[in-house]
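All of these numbers come straight from a predicted model, not from anything done at the bench. Note on naming: letters A, B, ... go to the chains in the order of the sequence lines (proteins, then strands), and numbering restarts at 1 for each one.
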4 protein chains.
Amino acid sequence: MVEPKASGRGTGRARKSPAKARRAPANKGTGARRDQEVLEAATKVFHARGYADASVQDIADELGILKGSLYHYIDSKEELLFRLLDESHQEVAAILEEVLAIEGLEPLERLRLYVTRQVEYTSKNLAKMAIYYHDVDQLSEERRKEVLRNRRTHERFVASLIAEAQERGEVPADLDPALTTNYLFGSMIWVYRWYRPGGKLRPQQVAATCADFIMGGLTAPR
Amino acid sequence: MVEPKASGRGTGRARKSPAKARRAPANKGTGARRDQEVLEAATKVFHARGYADASVQDIADELGILKGSLYHYIDSKEELLFRLLDESHQEVAAILEEVLAIEGLEPLERLRLYVTRQVEYTSKNLAKMAIYYHDVDQLSEERRKEVLRNRRTHERFVASLIAEAQERGEVPADLDPALTTNYLFGSMIWVYRWYRPGGKLRPQQVAATCADFIMGGLTAPR
Amino acid sequence: MVEPKASGRGTGRARKSPAKARRAPANKGTGARRDQEVLEAATKVFHARGYADASVQDIADELGILKGSLYHYIDSKEELLFRLLDESHQEVAAILEEVLAIEGLEPLERLRLYVTRQVEYTSKNLAKMAIYYHDVDQLSEERRKEVLRNRRTHERFVASLIAEAQERGEVPADLDPALTTNYLFGSMIWVYRWYRPGGKLRPQQVAATCADFIMGGLTAPR
Amino acid sequence: MVEPKASGRGTGRARKSPAKARRAPANKGTGARRDQEVLEAATKVFHARGYADASVQDIADELGILKGSLYHYIDSKEELLFRLLDESHQEVAAILEEVLAIEGLEPLERLRLYVTRQVEYTSKNLAKMAIYYHDVDQLSEERRKEVLRNRRTHERFVASLIAEAQERGEVPADLDPALTTNYLFGSMIWVYRWYRPGGKLRPQQVAATCADFIMGGLTAPR
DNA sequence: TATGAATGAGGCTTCATTCAT
DNA sequence: TATGAATGAAGCCTCATTCAT
């Protein structure tokens with residue numbers, strides 16, 4: 001069984017932290033909580049207007065502080081996007097890791113579980129996932145490459161699961177695992193574009209039907 | 001068999017054109033050709049940098065004219081985007097219409113043909129399709145609604161093809177055609193994100209494998 | 001005696017201000033003072049070059065800040081004009097209110113007082129009044145309507161003073177008060193076009209002679 | 001009796017004329033007629049939008065030709081304004097000349113006639129007069145000076161009429177003719193701001209009531 | 001005369017970011 | 001931490017004017 005490696009906190013981002021210089025101790029969890037609020041505000045705003053179109057002012061408004069004050073929590077608008085994408089990646093990667101960590105699952109069962117959890121996560125975190133998939137290109141060259149590298153690693157694990165199933169004869173032999181991974185991801189990811197929470201469709205239903213579709217696509221004889 | 005109606009040339013058109021209003025000019029195609037060049041330049045630039053990030057200057061540079069001169073051909077940056085999206089829609093809708101016009105095809109054959117042609121088109125017109133799917137949100141309220149309305153119509157035709165196959169028992173009865181259309185589109189559309197022309201993968205191969213995947217997803221028993 | 005109502009502070013006010021919305025600031029007047037400086041600079045520039053011809057750059061120059069910085073104080077060039085006109089209207093309306101508030105005056109005495117004060121005010125605030133009467137048309141439809149509505153109300157009060165005098169037989173019975181108000185205003189307002197402060201003519205002299213002329217025009221038998 | 005001199009075709013404006021260079025003869029009255037059409041279109045447009053706000057495009061639209069073509073008839077936008085103002089001045093000056101040319105009139109009768117004709121003319125040529133009085137400042141230094149010089153001459157003739165009446169004791173001795181001329185003009189000119197043709201008020205009525213008002217202002221004892 | 005493409009300058013506005021308080 | 005004034009660069013768009021055809 002494949003083993004995902006530590007999922008790319010590499011560049012590590014020694015970012016300015018609100019609990020940094022001046023008066024080091026005194027407040028501790030507050031800084032982190034505030035940090036999280038900033039990320040949430042940014043998520044909401046970036047999703048609503050698109051990263052490029054959203055302004056730092058919008059985020060400050062969402063937080064109820066002034067634009068200038070926001071710079072106590074961020075280095076730049078782009079760094080904020082990166083943090084968001086990085087956080088998203090952590091969570092998406094964690095799902096894969098959890099699924100891979102479960103013992104005793106056959107490849108196809110594992111794949112179905114993976115897709116199910118992933119789609120459910122996406123349905124429940126639409127804004128985050130929308131930004132994750134829609135706005136990577138807005139990062140600087142270097143950061144974009146880091147994110148894409150992480151994704152590629154992630155995709156390779158999924159592809160290797162397909163390959164495993166293929167070796168067991170459960171997936172047609174003439175199917176290209178890496179190529180098919182793209183179709184699988186397409187169905188899964190595209191959810192961020194059409195799913196509307198609050199409608200009659202529950203996340204579980206989306207997850208289950210999407211997994212059905214994908215499993216069919218993988219296993220159907222040619 | 002369902003019949004798609006004329007696909008939404010209704011709203012947006014009173015645009016400025018070099019061959020524009022007052023007293024129809026005597027030139028016969030130069031204007032239109034230049035118009036097309038503008039669209040192509042915009043396509044290139046919007047794809048490379050994203051609509052929001054691309055500047056009118058970039059497009060003018062691409063054309064080798066001054067920024068101000070570009071406004072002989074467009075009303076605004078946004079109108080240019082709309083024209084692009086509208087044109088894309090025409091072409092995408094044309095594919096569906098052609099496929100629907102063929103007589104004697106069974107629903108599933110028709111669906112496979114549709115997917116194949118659509119994916120091949122996308123592979124060959126990556127920039128256009130990337131913009132078509134990635135940048136709709138940047139349109140003004142009104143124009144966005146028009147585009148989305150057109151798409152919804154398009155999707156309904158595809159869903160109705162699935163329903164037809166379902167009635168013939170070729171697709172599981174418990175599958176929701178409208179919902180499944182989303183997964184189908186996901187696989188198909190996502191191509192714009194990962195396909196790289198010039199690599200070893202030919203458009204026809206992408207089209208064929210994508211169609212296989214989707215047909216499997218539609219027809220596999222639960 | 002008629003009573004002018006609060007003169008139209010209804011519409012236009014939700015403007016951006018350095019002392020603006022979110023969490024009322026602790027500063028006590030600096031913001032307002034700067035605001036006033038902006039208005040004064042704009043008054044000077046608009047008067048010198050005409051609203052349409054004046055640039056935001058000119059105003060920024062006058063203030064010694066950058067063009068972009070000016071937008072901390074204004075929403076748009078047009079909103080700035082509106083603020084100017086609104087302020088002017090407040091002051092002009094205040095004069096009328098004061099004159100109407102004095103008790104024990106006969107209509108014609110009141111009219112003479114009104115004209116005198118108004119003309120004196122105009123002579124002393126040429127730039128403001130010039131803009132007030134010269135540049136209303138440059139406002140957006142909605143704002144122009146608000147300003148004109150205010151003026152109409154103002155004029156009606158003046159007309160009603162004429163009507164009062166008429167009832168007492170002090171003004172010819174065949175004279176139309178509303179129509180005559182226009183002539184009265186013409187003489188009064190036109191001052192902004194020809195009066196040059198710093199010349200040998202004092203504001204009081206202009207006011208007195210203008211009032212004489214107008215009272216003659218009102219009362220002379222036909 | 002005073003004699004107005006030739007009213008300022010001085011600077012003369014050797015303007016580009018459509019009947020100028022290439023193929024001198026052939027069309028004769030056509031050129032002048034077209035010229036007049038251009039002036040009329042400009043009058044309409046400048047009045048509707050204000051000189052500074054009106055574009056050359058607007059005028060071309062009004063004429064049904066293209067912007068570039070308009071430059072066959074004008075040298076520049078400003079020159080067009082000047083032509084307009086110059087023409088207006090000719091007509092306004094002509095009224096004064098005619099009134100001065102009539103023999104056997106007493107000064108006050110002459111004044112009343114002058115005001116009456118002038119106001120009637122203004123009421124019937126609102127657009128022209130509005131531009132004449134509203135947009136002089138938009139001319140270049142030199143041309144503005146020429147126009148204002150012409151006006152000053154005109155005003156002096158009116159002032160001298162007042163002085164004549166004063167010498168006959170028909171106007172209070174303590175009244176300053178030049179100063180009073182300003183009030184007189186104010187009432188007369190302001191008509192361009194409030195009169196609406198097509199309403200119930202006929203030009204003759206405006207003229208008569210305005211003249212009444214002004215004569216009252218001139219003759220009433222202090 | 002008329003066209004219409006192109007110019008080039010300038011105008012209004014937005015915005016990420018900095019910094020003194 | 002928070003403020004809010006200011007920066008400076010850039011973006012979109014308009015427009016008077018020119019010119020080859």
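Dashed line: the shortest gap from a side-chain N or O of C:Tyr71 to OP1 or OP2 of F:dT7 is not under 4.0 Å. Note on C:Arg33: every side-chain N or O is 4.0 Å or more away from OP1 and OP2 of F:dA5.
In a base pair of the Watson-Crick type (N1 to N3 plus N6-O4 or O6-N4) or a G-U wobble (N1-O2 and O6-N3), with each distance short of 3.5 Å, F:dT21 is matched with E:dA2. A 3.5 Å limit on both hydrogen-bonding distances identifies F:dA9 as the Watson-Crick or G-U partner of E:dT14.
The CD1 atom of A:Ile59 sits 10 Å away from the P atom of E:dT17 (whole-angstrom rounding). Nucleotide E:dG11 holds its P atom 18 Å from the CD atom of C:Glu78, rounded to whole Å. In this entry the distance linking CD of B:Glu37 with C1' of E:dA5 reads 13 Å, nearest Å. For the pair C:Asp35 CG and F:dA6 P, the computed distance is 12 Å after rounding to whole Å. As rounded to whole Å, 13 Å separates atom P of E:dA5 from atom CG of B:Leu63. As rounded to whole Å, 11 Å separates atom C1' of F:dC13 from atom CG of B:Asp75. As rounded to whole Å, 17 Å separates atom C1' of F:dT17 from atom OH of D:Tyr73. Protein atom CG of C:Leu66 is 18 Å distant from nucleotide atom P of E:dT17, rounded to whole Å.
In the region residues 40-54 of chain D, proximity to DNA chain F at under 4.0 angstrom, judged on heavy atoms, holds for D:Ala54.
Within 4.0 Å of B:Ser69, counting heavy atoms only, lies at least one base atom of the nucleic acid. Within 4.0 Å (heavy atoms only), C:Ile65 reaches sugar-phosphate atoms of the nucleic acid but no base atom.
No donor-acceptor pair under 3.5 Å is formed between the side chain of D:His47 and the backbone N or O of D:Lys128. Side-chain atoms of C:Lys77 come within 3.5 Å of backbone N or O of C:Ala54 as a donor-acceptor pair. Side-chain N or O atoms of B:Tyr51 include one that pairs as donor or acceptor with a backbone N or O of B:Glu78 at under 3.5 Å.
In this structure, C:Arg143 and C:Leu85 have side chains that are not in contact, with every pair of non-hydrogen atoms separated by 4.5 Å or more. Side-chain contact between D:Leu81 and D:Val136 is absent, with no heavy atoms from C-beta onward closer than 4.5 Å.
Each of D:Gly68 and B:Lys67 was assigned the nucleotide of DNA chain E with the nearest heavy atom; the assignment lying further toward the 5' end belongs to D:Gly68. Of the two residues contacting DNA chain F, namely C:Gly64 and B:Lys77, the nearest-nucleotide position lying further toward the 5' end is that of C:Gly64.
Comparing F:dA16, E:dT17, F:dG11 against the side chain of D:Ser55 picks out F:dA16 as the nearest. Checked against F:dT7, F:dC13, F:dT1, the side chain of A:His72 finds its nearest nucleotide in F:dT1.
B:Ile59 and B:Ala41 get closest at one heavy-atom pair: CG2-CB, 4.2 Å.
Of the inter-residue distances, the one linking B:Glu87 atom CD with B:Ile131 atom CD1 reads 10.5 Å to the nearest 0.5 angstrom.
D:Arg34 and D:Glu37 are joined by a salt bridge, as a carboxylate oxygen and a charged side-chain nitrogen come within less than 4.0 angstrom of each other.
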